[in-house]
Structures are given as C-alpha cells and as structure tokens.
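Every chain is numbered from 1 and lettered A, B, ... according to where its sequence line falls, protein lines coming before strand lines.
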Protein chains: 2
Amino acid sequence: MTDPAAQAPRLNVRGAARHEQILDAATQAFLDRGFDAVSLDEILRVSGGSKTNVYKQFGDKNGLFTQIVHRLAAEFLSPLTALDLGQIAQETGLGILGRTLMRQLMQPRHIAFQRMVMAVSRRMPHLMAEWYRVGPKTSQAVIADFLGGGPNAQRDAVLFHDMIVTDAVNHALMGDPPDWAEIEARIDRAARMIGGKAIDA
Amino acid sequence: MTDPAAQAPRLNVRGAARHEQILDAATQAFLDRGFDAVSLDEILRVSGGSKTNVYKQFGDKNGLFTQIVHRLAAEFLSPLTALDLGQIAQETGLGILGRTLMRQLMQPRHIAFQRMVMAVSRRMPHLMAEWYRVGPKTSQAVIADFLGGGPNAQRDAVLFHDMIVTDAVNHALMGDPPDWAEIEARIDRAARMIGGKAIDA
DNA sequence: CATTTATGATACTATATGGTATCAAACAAT
DNA sequence: ATTGTTTGATACCATATAGTATCATAAATG
C-alpha cells in the first residue's frame with residue numbers, strides 16, 4: 001500500500017465533496033456490517049463517484065477503513081473531558097460522571113463502533129488501541145483526576161469505569177435494549193463504593 | 001438452510017472422525033481470523049475430507065460455525081461452578097473466585113472466542129448470547145450465590161465481576177500481555193470493596 | 001454375496017471481490 | 001483559449017467464494 005497522503009492530489013471542490021460522501025457511506029456500511037462484509041463496489045453505489053476516488057484518496061480498502069476509525073475516534077472522544085465538577089462531593093461527582101459517560105456509550109452508533117474495532121482487533125490491534133485511548137483510557141484519566149490523584153485514584157477510576165460500563169455494553173452488543181433503571185442503580189452503588197468514605201480504612 | 005440434524009446421516013467410524021477433524025480445523029481457523037475471513041476450502045485443506053462432509057453434516061458454513069460456538073461455550077463454561085468455598089470469609093472467597101476466573105479468561109483461546117462472538121454479534125446475536133450465558137452470567141450467578149443472595153448480592157456480583165475482568169480483557173484483545181500484578185491488585189481491592197463490611201451502611 | 005448407504009475427490013456454477021487500466025470530461029491556472 | 005491535472009464511468013483481471021452435482025469407492029447391513 002502506497003502512502004496515500006504522500007501522493008494525494010490536492011482535491012478540488014468536486015473531489016472534496018466526494019471524499020466526504022465516500023467517508024460517510026463507508027462509515028455507515030462498516031458500522032453496520034463490519035470490515036470484511038462490506039465491499040467497495042457497494043460503498044460506491046451509495047456514495048457516487050468511482051474507484052478512482054477511493055484508490056487516489058485513500059490508497060486502498062484498509063486506508064479507507066483506517067481513516068474512518070480515526071474519524072469515529074474523534075467523534076467519540078470521552079465526553080468527560082468537557083466536564084468541570086468544581087468542589088462537589090466525590091459520590092455526587094462520580095454519579096454525574098457516570099451518567100454523562102453512559103449516555104454517550106449506549107448510543108447505537110458507539111456500540112457499533114466498539115463492535116467494529118473489536119472484530120478487527122487481531123489483524124489491526126492499533127485501531128482498537130485508538131478506540132481504547134480516546135474512550136476508556138481517557139474517561140478513566142478524567143475520573144482519576146477527579147478522585148484527587150491519590151495512590152489508589154488511578155486504580156479506583158478503572159474499577160469505577162468498568163463497574164458502570166461493562167454489563168450494559170455487553171447487553172447492547174447482543175441487541176438488548178438498555179435498562180436505564182439498572183444502569184443508574186449501578187452507577188449510584190459504584191459511586192458510593194468508590195466515592196464514599198471508609199474504603200481506604 | 002435445511003436443518004442438518006433433521007436429515008443427518010448416521011455417521012460411520014470414518015465419518016465421525018472427519019466430523020471431529022473438520023470441527024477442530026474450523027475452530028482453529030475461526031478463532032484465528034473470524035467467520036468472514038475463513039473459507040471452507042481452506043478448512044478442508046487442513047482437515048482432510050471434502051465439502052460433502054461439511055454440507056451433509058453441518059448444513060452450511062453458518063451451521064458449522066454455530067456448532068463450533070456451542071462447543072467452545074461448553075469448553076469455557078464458567079470455572080466457578082466447580083468451586084465450593086464453604087464458610088470462608090467473603091473477602092477471602094472473592095479473592096479466590098476472582099483468581100480462578102481470571103486464570104481462565106486470560107487464556108488466548110478464550111480471548112479469541114470472545115473476540116469471535118463479538119465480531120458477529122450483529123448478525124448472530126444469539127451466539128454472543130450463548131457466550132454471555134455460560135460465561136459472565138454464570139460467573140455472576142455463582143458470585144451472587146456466594147455473597148448470600150441478599151438484596152444487593154446480584155448487583156454486587158455483576159460489579160465485582162466487571163471490575164476484575166474488563167480492563168484486562170480489553171488489553172488482551174489488543175494483544176497486550178497480561179499484567180498479573182495489576183490484575184491481582186484489582187481483585188484484592190474489589191474483594192475488599194464488595195466483601196468487606198460497611199458497604200450497606 | 002448383494003444391497004443400501006455414507007464418504008470422497010473433483011469438477012462445476014454463479015457470483016463477487018480488490019485492485020488496475022483506459023480514456024473522456026470537468027476543472028484550474030496561465 | 002491552452003495546457004496540465006483531477007475526476008469519473010466503465011471495462012477488465014485474476015482470484016476467490018459458497019454451494020451443487022457427479023460418479024466412484026468404502027463401509028455397514030441383510
């Protein structure tokens with residue numbers, strides 16, 4: 001695969017529009033059915049344009065897929081980075097962080113994104129790693145920071161994150177609709193465990 | 001797809017042997033590269049036999065894949081069902097449960113199994129559901145039982161399970177080698193949170 | 001032994017795939 | 001307008017795919 005950026009032509013207006021259309025159509029198709037089950041012909045039937053665009057602008061099918069993962073990673077950067085909780089009590093703050101996080105994670109588009117990167121994680125581990133970096137890792141870092149950065153903050157942040165996220169995401173991957181009452185109950189209980197006093201007795 | 005079991009021929013010795021050989025070769029291939037990236041021809045090159053076997057014994061590629069998931073689900077039934085912890089302290093017992101569980105989950109073969117079912121979870125949600133049933137759900141049930149079945153036992157079992165499992169599995173999916181020191185530290189801390197007193201204050 | 005059934009090697013069908021080549025039209029720059 | 005470049009439609013290539021058909025051989029059954 002020749003580096004597409006190295007020899008990429010400067011796009012004119014038409015080309016830039018096609019670029020976006022192809023990215024959009026391919027994103028939808030890959031999210032829906034995964035890398036292997038989607039063909040270029042099919043993407044182009046939806047987007048318009050032709051293979052010339054794909055191979056000149058993205059290099060090959062892998063290059064197109066890679067750019068799409070980059071884009072989705074930016075779209076799903078942890079929503080927690082935008083929060084500023086000030087001097088709120090830990091238990092309360094964790095509840096807010098948890099609810100903010102879960103609202104984003106449970107979106108069907110994010111569930112499809114996670115499924116997609118996990119599906120290719122053997123062949124393209126760096127793509128799942130990018131999802132992990134902007135998602136779980138970033139969220140955990142924000143939570144750890146909120147917890148004050150003590151000796152257990154980092155570890156507790158991971159534990160809190162995984163307590164509230166995992167089971168709901170597994171169910172979503174299987175197609176079960178989210179049970180928000182249970183999600184909130186778990187957030188509250190986890191917030192109490194981590195943010196309440198008397199854990200580091 | 002005609003139901004293979006309905007018209008399945010009674011296998012003779014040769015046939016039964018081929019049946020196993022095909023299952024073994026296909027299992028390895030599917031675990032390695034996923035449903036879409038594996039072809040029947042390739043499986044048969046490894047197993048011996050011919051397409052006649054596959055289509056007579058399994059119906060089609062989906063049928064073969066389904067049987068393989070059943071088999072792997074049986075292989076990875078939660079190891080916690082075999083444990084009897086008697087009247088041990090909760091915190092200690094959770095530590096043992098956690099360690100027993102993680103030893104199995106972190107096996108490369110199980111990681112590949114989880115990746116494989118998640119990859120097809122959109123098209124074949126019932127197959128991921130089977131993994132979930134024999135894996136997380138069963139483990140959580142055993143943990144809940146050990147916790148005494150109180151009002152919060154069920155929920156705490158899910159939280160404990162997800163605290164110790166999630167991050168390590170994510171890293172394993174990305175190809176990172178397991179960090180056993182961190183895994184054990186998380187198990188111990190989670191066991192203290194859930195099994196120590198003063199949570200339901 | 002004769003008959004029925006299961007197995008196997010192989011050829012085949014139809015279709016799809018990623019990727020390349022060709023040449024014409026649209027565009028940008030001078 | 002002329003020239004060089006980008007875009008597009010389309011044909012093409014080599015290969016691969018799931019699934020079927022054929023016909024010969026091996027095994028079980030009577």
Would [X] and [Y] count as having a side-chain donor-acceptor pair, cut-off 3.5 Å?
X	Y	value
B:Arg133	B:Thr138	no
A:Tyr132	B:Asp167	yes
A:Ser78	A:Ser139	yes

Any protein N or O atoms within reach of nucleotides 19-22 of chain C? Criterion: under 3.5 Å, listing atom names and distances.
residue: C:dG19; atom: OP2; partner: A:Tyr55; partner atom: OH; Å: 3.0
residue: C:dG19; atom: OP2; partner: A:Lys61; partner atom: N; Å: 3.2
residue: C:dG19; atom: O5'; partner: A:Tyr55; partner atom: OH; Å: 3.3
residue: C:dG19; atom: N7; partner: A:Lys51; partner atom: NZ; Å: 2.7
residue: C:dG19; atom: O6; partner: A:Lys51; partner atom: NZ; Å: 2.8

[X] vs [Y] side-chain heavy atoms within contact, under 4.5 Å:
X	Y	value
B:Met116	B:Phe35	no
A:Leu44	A:Asn53	no
B:Arg186	A:Arg155	yes

[X] [atom1] to [N] [atom2], straight-line distance once rounded to whole Å:
X	N	atom1	atom2	answer
B:Lys56	D:dT20	NZ	C1'	11 Å
B:Ile22	C:dG8	CD1	C1'	11 Å
B:Asn53	C:dT5	CG	P	19 Å
A:Arg45	D:dA9	CZ	C1'	15 Å
B:Leu44	C:dT10	CG	P	13 Å
A:Phe35	C:dT17	CZ	P	13 Å

Looking at B:Arg18, does any N or O in its side chain come under 4.0 Å of the phosphate oxygens OP1/OP2 on C:dG8?
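B:Arg18 to C:dG8 OP1/OP2: side-chain N or O found under 4.0 Å.
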
Mind checking if A:Ser50 touches a base, just sugar-phosphate, or nothing, with heavy atoms under 4.0 Å?
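Base contact.
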
To the nearest 0.5 Å, what is the distance between CD1 on A:Ile143 and CZ on A:Phe160?
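It comes to 5.5 Å.
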
A:Gln154, CD: over 12 other non-hydrogen atoms inside 6.0 angstrom
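Atom CD in A:Gln154 is not crowded, with 12 or fewer foreign heavy atoms closer than 6.0 Å.
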
For the helix from C:dC1-D:dG30 to C:dT30-D:dA1, figure out the bend between the end axes, five pairs an end, and round to 10 degrees.
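The helix from C:dC1-D:dG30 to C:dT30-D:dA1 shows an end-to-end axis angle of 20°.
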
Over 60° means perpendicular and under 30° means parallel, so classify the ring planes of A:Phe65 and A:Phe30, tilted if in between.
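Perpendicular, since the angle between the ring planes exceeds 60°.
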
